Structures are given as structure tokens and as C-alpha cells.
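Working notes, structure below.
Just so it is clear, the structure is predicted and the values come from calculations on it, not from any experiment.
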Amino acid sequence: MTRTIWCWRHCAAGASGFLLKDIRPDKLLEAIEVVAAGEALLHPRITRRLIERFAALPAPRPTVHDDGLTDRERDVLLAVAQGLSNHDIAARLHLGYGTVKTHVSHLLAKLECRDRAQLVIYAYEFGHAVPGDR
């Protein structure tokens, strides 16, 4: 039986990848290259297990964290969490593309996130977005 290298504590500590102990050496090298390039990596079996566990959890609606965001910034954050591009957000919210870019930049700075992926995580962790909402 393969044991999974997995721990939420590692996520909080900033781990960028999770693999199984039986990974082949060539796949390990590929994984190192992916993480070194700044990407995150989860072995497909870990991803499947994570999704199964997440889907089994009850979905309480978290309360929104008071983070000093404006209503418009919250709208943009939710759209980012839904995977929309800046062009899509501009069309949905009837804003200019440059305005959306400015809002995203302000969100990154205000929330101390380094990229859109961290914005998405923030949105879900602090109740701005809930799985299944569109």
C-alpha cells in the first residue's frame, strides 16, 4: 500500500507540491522543475482523494472576513474566484478592462497575495466565494 505524503500543516507552511512516495525518479525530476518554475503540483491520486474528501464535507456558508474591501473589489474578487479572465470580468461587471486590472492589482496589494491563485484561495477561505456558487 502506498502512503500519501499529505498534511494540511505543510500547505499552511507553504509547500508547493505533494507526491506519492513511490514516484519514479524521472517524474520526481519533472515535479521539481514544475515547482522550481513557481507552479504548484499535486499527484493525480492525491487530487482525487482531496476532491472526494472535500465533496463529503458539509458546506456551511462561511461569514465574510472584514478585510476592508469595497463592494466593487468584492465583486471582482468573486469573479476571479470563479475563474474569469479580466476581459470576462469587465464584460460581466460593465467595467473597462483597465479598471478591472486596477481592481485586481489593488486586491493583490490589499490582501497581500502574490498572484490570482492566492486570490482564489483567499476568496474561498474568507467566505467571498463558496464551492458551487456561480
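Tyr124 and Tyr122 fall within a single hydrophobic cluster, where Ile, Leu, Val, Met, Phe, Trp and Tyr are joined by side-chain heavy atoms under 4.5 Å apart, directly or via other members.
Residues satisfying the ring pair (Phe, Tyr, Trp, His ring centres under 6.0 Å) test with His94, not counting sequence neighbours, are none. In terms of the side chain to side chain contact (heavy atoms under 4.5 Å, CB included) criterion, residue partners of Leu28 (sequence neighbours excluded) are, by chain and number, Leu19, Ile23, Ile32. Take Ala90 and apply the side chain to side chain contact (heavy atoms under 4.5 Å, CB included) test, not counting sequence neighbours, and it matches Val100. Partners of Lys27 under the salt bridge (charged side-chain N to carboxylate O under 4.0 Å, His left out) rule, at least two apart in sequence or in another chain, are Glu30. With sequence neighbours left out, Thr99 forms a side chain to side chain donor-acceptor pair (under 3.5 Å) with no residue at all.
Contacts classified as salt bridge (charged side-chain N to carboxylate O under 4.0 Å, His left out) and involving residues 110-122 (residues at least two apart or in different chains) are given here: Glu73-Lys110. For the salt bridge (charged side-chain N to carboxylate O under 4.0 Å, His left out) condition, the pairs that include at least one residue of residues 75-91, sequence neighbours left out, are Arg72-Asp75. Listed by first then second residue, pairs satisfying salt bridge (charged side-chain N to carboxylate O under 4.0 Å, His left out) with a partner in residues 76-85 number zero, not counting sequence neighbours.
Across all non-hydrogen atoms, the minimal contact from Leu77 to Leu107 is N-CD1, 3.8 Å.
Using a 4.5 Å heavy-atom cutoff, the side chains of His103 and Leu93 are not in contact. Side-chain contact between Leu78 and Arg74: absent, with no pair of heavy atoms (C-beta onward) separated by less than 4.5 Å. At a threshold of 4.5 Å between non-hydrogen side-chain atoms, the residues His128 and Leu69 count as touching.
To the nearest 0.5 Å, atoms NE2 (His87) and CZ (Arg92) are separated by 15.5 Å.
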